[in-house]
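Okay, so here's the structure we're looking at.
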Amino acid sequence: MLPEKYAEDEELTEFLAGISNSYYTFEKANKITEHAFTISEREYQEVNTYLHRENAIKQQSISEIKKAIRSLSPEELLDLEDTDTDLIHIIRFLQHQIEKAKELEMQLIVSKDIAERAAQTKSQFLSTMSHEIRTPMNAVIGFTHLLLQMDPRPEQLEYLKLLKFSAENLLVLINDILDFSKIEAGKIEFEEADFSIKDLVGNIRLALLQKANEKNIQLKLLIDQDLPDAVKGDPVRLGQILTNLISNAVKFTDKGKVTITASLHSKTKEHTLIDFQVEDTGIGIDEDKQQHIFESFAQAAANTTRKFGGTGLGLTITKRLLNLMGSEVKVKSEIGKGSTFYFTLQLKNSSAVFNNNTNDQFKIETKSLKGVKILIVEDNLINVLLAKQYMKLWDVEADVAENGEIALTLVQTNTYAMVLMDLQMPVMDGYQTTVAIRELPDEKYKKLPIIALTASAMLDIKDQAFVVGMNDYVSKPFNPDELYRKIALYSKGLPATNS
């Protein structure tokens, strides 16, 4: 709009250009500012919406936490008024609960230590009581066996049989209590050995036949001919289960019969499933008591223990052993008509071959062992007298050491075919003595058969005997036939086998 002559003025032209640039710059900045404001407003709205949503979630969470706390601890946080300080109260409450939980954890740790010490004390007590009770029982049963072999008069024979029966019954009660304690402590171990089901059941029947005959009841055995000749498992524990069931059936049956059945359920390439059943015509069990009888120290009726005897542990032990073996014992019974106990057990297949003549396996011909010299390490004078009587009966020469220290000296100054070693003795116990003998320089001391002869029946005692280097184990009260077998076996220099 200016005259052309002004356009030739450089200063004026520069001035106008500066004004023009300033205007365009302002317009650009204005547009940028408006755009930035629009974006900021949108972002603000988004953030504001997000914060409102998060706050709502927080308030809902606090509300749910309060509900949960009130339901768990109605007496806590009663002063909450849905204010912003509630969260602080909740945090304090949770801190308090954590402190209480830590205190409880410390109390549990202390209680656990006390329980473990109590369990250890119980185990030691049972081991000691086992030894103390079974030691005199060894003398009672042992001398009764000896007297029965000395052609007693008829009236003496009757008294001796009663004495033997009473002592063996007492031993059964002791063993029941020890077995129950071992199961409770989780110290039961199952071996895996080859054995014949037919022989095992047949021998159990023979062992209980005399009791059945005394009551004038039949003890029948039905064996499935399809059963395999041999299986693999724990014959001792299975024998204990069957003995408990069969002896109970005989005990509670006054007339009629007891029938033992073993039949093949099924068989695969690796396993055999066998059905066992013990049926009697005895007193029967009330339906509402049929599960109660498997509880510890339980009997079907209040007067059962007084009338029939027993600890009430036999069926408890049977049930727990079968549970550990993957099976379950069941019962069918009716008052006045008898009871049937039955279970199915899976055992591994075996290719072992056994002599079918089961009677011959258990006949002991006690030939003279003249020329055999052994060392008896025992501090109990009655047990020493008993053992020496049997040694005299078998023509075995025996020296006696009353403690391990004397035994160590005698072993080095004499030649013995074997050592019968008691475990609990003064000065040096059986474990220390065995270790000391094995550490003697001559190789013969490492091969000398050492047999643990002890009244303790605890499993860990037996394991420890083998750990320190003993060859075998005989429990007191000892079976004379078993002791004879051990002496005959080891005195011949045959290889030792842990049994």
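Under the 3.5 Å distance criterion, the side-chain polar atoms of Y390 are matched with a main-chain donor or acceptor of G142. A donor-acceptor contact shorter than 3.5 Å links the side chain of K215 to the backbone of V250. Checking side-chain atoms of T253 against main-chain N and O of K255 turns up no donor-acceptor pair under 3.5 Å. One N or O on the side chain of N414 and one on the backbone of L410 form a donor-acceptor pair closer than 3.5 Å. Looking at Q432, its side chain does come within 3.5 Å of a backbone N or O of D429 through a donor-acceptor pair. Within the 3.5 Å criterion, the main-chain N or O of L104 finds no donor-acceptor partner in the side chain of Q107. The backbone N or O of E402 sits nowhere less than 3.5 Å from a side-chain atom of D379 that would complete a donor-acceptor pair. Distance alone, capped at 3.5 Å, places no donor-acceptor pair between the T272 side chain and the S266 backbone. Formation of a donor-acceptor pair under 3.5 Å by the D442 side chain with backbone atoms of Y445 is not found in this model. Without hydrogens or angle criteria, N349 side chain to V231 main chain gives no donor-acceptor distance under 3.5 Å.
G202 and L221 get closest at one heavy-atom pair: CA-CD2, 3.8 Å. Contact between S339 and S333 at its shortest, heavy atoms only, is OG-OG, 2.7 Å. Taking all atoms of both residues into account, the shortest heavy-atom contact from I335 to I285 is CD1-C, 3.7 Å. Shown here for F143 and L386, the closest heavy-atom pair between the two residues is N-CD1, 3.5 Å. The shortest non-hydrogen separation linking L347 to G233 is CD2-CA, 4.3 Å. Residues G430 and M421 share a closest heavy-atom pair of CA-CG, 3.8 Å.
Side-chain contact between Q464 and Y431 is present, with at least one heavy-atom pair separated by less than 4.5 Å. Annotation: side chain of L375 is in contact with side chain of V377 (closest heavy-atom distance under 4.5 Å). With a 4.5 Å cut-off on side-chain heavy atoms, N244 and L315 do not count as touching. I406 places none of its side-chain heavy atoms less than 4.5 Å from the side chain of M428. Residues R438 and V435 fail the side-chain proximity criterion, which asks for heavy atoms closer than 4.5 Å. When side chains are defined from C-beta on, I197 counts as touching I274, because their heavy atoms get closer than 4.5 Å. In this structure, F343 and L242 have side chains that are in contact, with non-hydrogen atoms separated by less than 4.5 Å. The shortest distance between side-chain heavy atoms of T340 and V331 does not fall below 4.5 Å.
A donor-acceptor pair shorter than 3.5 Å cannot be found between the side chains of D224 and S263.
Remark: E270 does not engage K348 in a salt bridge, criterion side-chain N to carboxylate O under 4.0 Å.
The CZ atom of R205 sits 11.0 Å away from the CG atom of N203 when rounded to the nearest 0.5 Å. Here the CD1-CD1 distance, from I260 to I204, works out to 8.0 Å after rounding to the nearest 0.5 Å. In this structure, CG on L453 lies 7.5 Å from CG on N383, to the nearest 0.5 angstrom. Separation of atoms CG (D275) and CG (L227) is listed at 9.5 Å; rounding is to 0.5 Å. We find the CG-CG distance between L146 and L393 to be 7.0 Å, quoted to the nearest 0.5 Å. The CE atom of M325 sits 6.0 Å away from the CG atom of D234 when rounded to the nearest 0.5 Å.
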T318/N248 under side chain to side chain contact (heavy atoms under 4.5 Å, CB included): CA gap, chis, key distance, verdict: CA-CA 12 Å; T318 295; N248 269 358; over 6 Å; no

Intermediate values then yes/no, side chain to side chain contact (heavy atoms under 4.5 Å, CB included), I241 and F276: CA-CA 11 Å; I241 290 165; F276 295 94; over 6 Å; no

Intermediate values then yes/no, side-chain hydrogen bond (donor to acceptor under 3.5 Å, both in side chains), N471 and Y490: CA-CA 9 Å; N471 302 87; Y490 289 98; 5.9 Å; no

Pair M391-L483, side chain to side chain contact (heavy atoms under 4.5 Å, CB included): steps then yes or no: CA-CA 10 Å; M391 298 307 117; L483 183 59; 4.1 Å; yes

Trace of the side chain to side chain contact (heavy atoms under 4.5 Å, CB included) decision for I451 with M470: CA-CA 6 Å; I451 313 302; M470 295 187 182; over 6 Å; no

Trace of the salt bridge (charged side-chain N to carboxylate O under 4.0 Å, His left out) decision for K257 with D280: CA-CA 6 Å; K257 62 184 177 181; D280 65 61; over 6 Å; no

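Counting heavy atoms of neighbouring residues, nucleotides and ligands inside a 6.0 Å radius, atom NZ of K446 exceeds 12 of them. Atom CD of Q412 is surrounded by more than 12 heavy atoms from other residues, nucleotides or ligands within 6.0 Å. Within 6.0 Å of the NZ atom in K388, the count of heavy atoms belonging to other residues, nucleotides or ligands does not exceed 12. When the shell of 6.0 Å around CD of E287 is examined, it contains 12 or fewer heavy atoms from other residues, nucleotides or ligands. No more than 12 heavy atoms of other residues, nucleotides or ligands shown are found within 6.0 angstrom of NZ on K370. The local environment of CD in E405 is sparse, with at most 12 non-hydrogen atoms from other residues, nucleotides or ligands closer than 6.0 Å. For L408, the CG atom sits in a packed shell: over 12 heavy atoms of surrounding residues, nucleotides or ligands are nearer than 6.0 Å. Summarising the local packing, CG of D151 is surrounded by 12 or fewer heavy atoms from other residues, nucleotides or ligands at distances under 6.0 Å.
Taking the six-membered ring where tryptophan is involved, the planes of F466 and Y473 are tilted, since the angle between them lies from 30° to 60°.
Judged by a 6.0 Å distance limit and a 45° cone about the ring axis, K332 is positioned over the six-membered ring of Y342.
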